[in-house]
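Below is one structure, written out as structure tokens; the observations come after it.
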Amino acid sequence: MSIRIGNSCVNCESITSNSRCKVHGVTVDTSYTCDSFEMKAVLKNDPNCGTCARYEKSSCANPQKAASKMLCSSWAPQNALA
């Protein structure tokens with residue numbers, strides 16, 4: 001079994017702003033992958049607390065220290081949007 005994190009529909013250039021696939025005409029989410037996948041030309045590369053899925057949530061590793069632009073080794077990406 002192969003793991004295809006990069007083929008997530010949210011990283012594909014065929015996804016619309018309302019999470020609809022322009023190729024297949026269906027609504028998708030982060031768990032979908034596709035063999036017709038075309039990677040977006042540029043992904044947001046800004047791993048800081050403000051772009052972390054855990055920021056201001058109970059799963060944050062450092063809730064007392066976390067700040068918008070702070071870097072952290074426990075960073076988790078939010079839904080990827082270019």
Side chain proximity check, M70 to N48, heavy atoms < 4.5 angstrom: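 No - every pair of side-chain heavy atoms lies 4.5 Å or more apart.
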Heavy-atom distance under 4.5 Å between the side chains of N62 and C72, does that happen here?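 The answer is yes, as the side chains (C-beta and beyond) meet within the 4.5 Å cut-off.
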Side-chain donor or acceptor of R54 paired with backbone N/O of A61 under 3.5 Å: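 Such a contact is absent between R54 side chain and A61 backbone.
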Taking a hydrophobic cluster as the set of Ile, Leu, Val, Met, Phe, Trp and Tyr residues connected by side-chain heavy atoms closer than 4.5 Å, whether directly or through intermediates, do Y32 and I15 fall within one such cluster?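 Same cluster.
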Rounded to the nearest 0.5 Å, what separates atom CG in D29 from atom OG in S19?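 Reported value, rounded in 0.5 Å steps: 8.0 Å.
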Distance in Å, C52 SG paired with L71 CG, rounded so as to fall on 0.5 Å steps: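 C52 atom SG to L71 atom CG measures 11.0 Å (nearest 0.5 Å).
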Kindly list each side-chain donor-acceptor pair under 3.5 angstrom involving residues 20-28, sequence neighbours excluded, with atom names and distances?
from, atom 1, to, atom 2, distance (Å)
R20, NH1, G25, O, 3.3
R20, NH1, T27, OG1, 3.4
R20, NH2, G25, O, 2.5

Under the criterion side-chain contact (heavy atoms from CB on, under 4.5 Å), I'd like the reasoning laid out for W75 against T51: C-alpha separation, chi angles, the key distance, then a yes or no. CA-CA 8 Å; W75 183 82; T51 62; 3.1 Å; yes
Kindly give the heavy-atom pair with the smallest separation between S68 and Y55, and that separation in Å.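 Heavy-atom minimum between the residues: N-OH, 3.4 Å.
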Please find the pair of heavy atoms, one from C60 and one from P63, that lie closest to each other, and give the distance.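 Residues C60 and P63, closest heavy atoms: O-CD, 3.4 Å.
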